[in-house]
*Asks:* 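The structure is given below, and queries will be raised subsequently.
These numbers were taken from a predicted model, which means no experiment stands behind them.
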Amino acid sequence: MTEAVHAALKHELEREQARPSLVEIGVRFCRDLRAPGASLITAGPPTRRFATACTRMTDVHRRLGPDGADDQRG
């Protein structure tokens with residue numbers, strides 16, 4: 001059973017490390033806005049990637065708490 005837990009944890013760690021960081025998402029978003037012809041008016045509705053990034057930022061903010069300290073409770 002321990003081997004199965006280690007394999008599952010390794011898989012989840014690799015999956016998490018493969019995801020772009022919030023910084024990378026933010027930089028990509030800003031570059032897209034600065035791209036020639038980009039416009040907030042013609043950009044259309046928010047993409048799923050943007051919505052996911054906003055959700056992740058909200059989760060990080062909740063975890064840090066109002067004073068910016070990492071809250072290990074949840």
Side-chain angles (χ1 to χ4, degrees):
M1 184 161 131
T2 303
E3 189 174 326
V5 171
H6 284 284
L9 288 173
K10 182 179 176 184
H11 171 73
E12 287 302 311
L13 179 61
E14 289 169 353
R15 193 173 72 124
E16 185 65 30
Q17 289 175 338
R19 292 171 45 180
S21 71
L22 290 177
V23 172
E24 293 168 331
I25 292 170
V27 168
R28 188 177 316 133
F29 177 74
C30 291
R31 282 188 185 141
D32 290 347
L33 284 179
R34 290 180 167 203
S39 169
L40 290 176
I41 296 171
T42 61
T47 64
R48 184 175 186 178
R49 186 179 359 166
F50 177 73
T52 301
C54 290
T55 301
R56 288 182 189 157
M57 286 188 285
T58 302
D59 292 343
V60 168
H61 178 70
R62 279 193 198 121
R63 183 179 172 100
L64 290 177
D67 60 355
D70 192 7
D71 182 7
Q72 294 295 324
R73 289 179 288 165

*Asks:* If you look only at pairs with a residue in residues 1-14, which of them pass as a salt bridge (charged side-chain N to carboxylate O under 4.0 Å, His left out), with sequence neighbours excluded?
*Replies:*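 Checked against salt bridge (charged side-chain N to carboxylate O under 4.0 Å, His left out) - neighbours excluded - the pairs reaching residues 1-14 are Glu12-Arg15.
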*Asks:* Between atom CZ of Arg19 and atom CD1 of Ile25, what is the distance when rounded to the nearest 0.5 Å?
*Replies:* 7.5 Å
*Asks:* What residues, two or more places apart in sequence or in another chain, satisfy side-chain contact (heavy atoms from CB on, under 4.5 Å) together with Ser21?
*Replies:* Val23, Glu24
